[in-house]
Amino acid sequence: MTITMPAGPPHREAIMSTHRVEIKGSADAFDVADGQPILDAALRAGAWIPHSCTQGTCGTCKLKVLCGSVDHRESPEYTLTGAERADDLALACMATPQSDLVVEPTGAVDDGVPHHPLRDYLGEVVELSDVAANTRRLVVDLDEDMAFNAGQYCELIVPGHGVGRQYSMANPPGEQRRLEFHVKRTPGGLATDGWIFDSLAVGDRIDLRGPLGQFNLVHQQAEPAILIGGGTGLAPLKSIVRHALDRELVPEMYLYHGGRGRADLYDVEFFTDLAAQHEHFHYRPALSDESWDGATGLVTDVVVGDFRSCKGMSAYLCGPPAMIDAAVKSLKRRRMAPRLIFREEFTPAASVATP
């Protein structure tokens with residue numbers, strides 16, 4: 001993913017004061033340093049607050065401030081309206097405490113999913129290869145294991161800038177030391193043109209933090225699953241597919257990967273081989289702007305053409321907002337229950353306010 005994130009919490013020696021935050025209805029309480037977002041401190045302390053984008057664009061981490069006051073910082077008006085601020089709502093990923101707080105998340109705190117504490121990591125680049133048009137595979141060996149759920153992401157810190165960019169892990173959670181990322185080049189992008197597609201090289205040391213996000217597949221499910229990825233939205237789906245196959249979590253899986261032309265597709269041989277090895281896994285790439293011997297058209301239209309009904313099925317979607325929106329509408333038309341549609345949107349860093 002490519003989303004601007006605030007820098008991590010201040011170094012311990014630089015902390016002048018902290019505020020205590022309690023989550024109503026749970027035993028979770030944690031300290032938040034000056035300038036540190038509530039969400040960052042909570043996740044580092046092992047206290048769960050629902051979240052997705054972690055940059056103020058989705059509103060998943062919205063919470064009610066029951067006691068105390070916060071600085072909303074750059075919380076977007078379209079995500080947190082003036083009326084909501086007046087009603088003491090705040091975005092945990094953006095807001096910093098101005099006093100001790102008692103807060104209540106608007107989403108479910110206990111979702112039955114394992115939650116892994118947010119931590120800072122160091123790693124070494126062991127692979128950096130071009131796999132598709134303006135797309136690179138970045139593989140990093142961490143100095144220590146990172147526990148995460150299939151579908152989650154972490155943040156790569158851009159050297160010299162104190163900001164980060166988010167990328168989903170493409171490897172399954174059983175591989176905790178070597179992480180795989182799929183990176184799409186953004187023209188003029190700070191992390192891509194300015195680093196990953198420019199000066200980054202095998203052997204370089206990089207800073208990361210994670211895991212983040214609540215897009216995941218963790219438990220065994222009875223419903224067959226349709227997975228739809230656009231571009232590098234394939235990354236978390238690759239993690240989910242490998243994990244689900246390893247643990248036999250899903251009775252039947254259908255993976256769709258959309259691109260404009262053949263140059264946009266990657267890992268085709270990997271998934272083709274995987275489908276040959278597992279009779280309950282199906283792989284179907286689709287091209288929207290190029291004729292070939294495979295599926296042609298928007299990937300969401302290809303899915304609709306393959307299924308007369310999606311009732312009793314689930315879906316995992318990852319890609320740009322337009323693709324996610326089209327997929328959700330298409331699946332609902334095919335009678336898939338909205339509660340069984342899970343999604344992760346990629347938001348361009350340029351469209352997000354930089355702290």
**OP:** Give me the one residue out of D31, D28, D100 that meets salt bridge (Lys or Arg N to Asp or Glu O under 4.0 Å) with R20.
**Re:**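 Checked D31, D28, D100 against R20; only one passes salt bridge (Lys or Arg N to Asp or Glu O under 4.0 Å): D31.
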Over all heavy atoms of both residues, which pair between [X] and [Y] is shortest? Give the atoms and the distance, please.
X    : Y    : result
C318 : G233 : CB-O, 3.4 Å
G151 : S239 : N-OG, 3.8 Å
K311 : S309 : N-OG, 3.2 Å
S168 : F181 : O-CD2, 3.5 Å

Test item: [X] and [Y] side chains (from C-beta on) under 4.5 Å apart, heavy atoms:
X    : Y    : answer
L340 : P338 : no
V302 : D306 : yes
L80  : K62  : yes
L128 : I196 : yes
M253 : L245 : yes
N171 : L179 : yes
R137 : D267 : yes
Y167 : L156 : yes

Gap between atom [atom2] of [Y] and atom [atom1] of [X] - 0.5 Å precision:
X    : Y    : atom1 : atom2 : answer
I240 : F342 : CD1   : CZ    : 10.0 Å
L255 : R284 : CG    : CZ    : 12.0 Å
T79  : L89  : OG1   : CG    : 12.5 Å
F197 : T135 : CZ    : OG1   : 6.0 Å

[Y]/[X] salt bridge by N-O under 4.0 Å criterion:
X    : Y    : answer
R209 : E155 : yes
R242 : D246 : no
D130 : R185 : no

**OP:** Would you sort out whether E175 and E180 count as a side-chain contact (heavy atoms from CB on, under 4.5 Å), showing the intermediate values?
**Re:** CA-CA 10 Å; E175 300 173 2; E180 175 185 344; over 6 Å; no
**OP:** Please say which of H243, Q214, H116 ends up in a side-chain hydrogen bond (donor to acceptor under 3.5 Å, both in side chains) with N149.
**Re:**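 Considering H243, Q214, H116, a side-chain hydrogen bond (donor to acceptor under 3.5 Å, both in side chains) with N149 is found only for H116.
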**OP:** Please work out which of the three classes, parallel, tilted or perpendicular, describes the rings of W48 and H115, given edges at 30° and 60°.
**Re:**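 Rings of H115 and W48: parallel, under 30°.
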**OP:** Determine, stepwise, if the pair F148 / N216 fulfils side-chain contact (heavy atoms from CB on, under 4.5 Å).
**Re:** CA-CA 10 Å; F148 64 94; N216 60 72; over 6 Å; no
**OP:** Run the ring-centre check on H282 versus Y254 and record whether the distance is less than 6.0 Å.
**Re:** yes
Original post:
For the rings on H257 and Y266, is their centre-to-centre separation under 6.0 Å?
Top reply: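 Centroid distance H257-Y266: below 6.0 Å, so yes.
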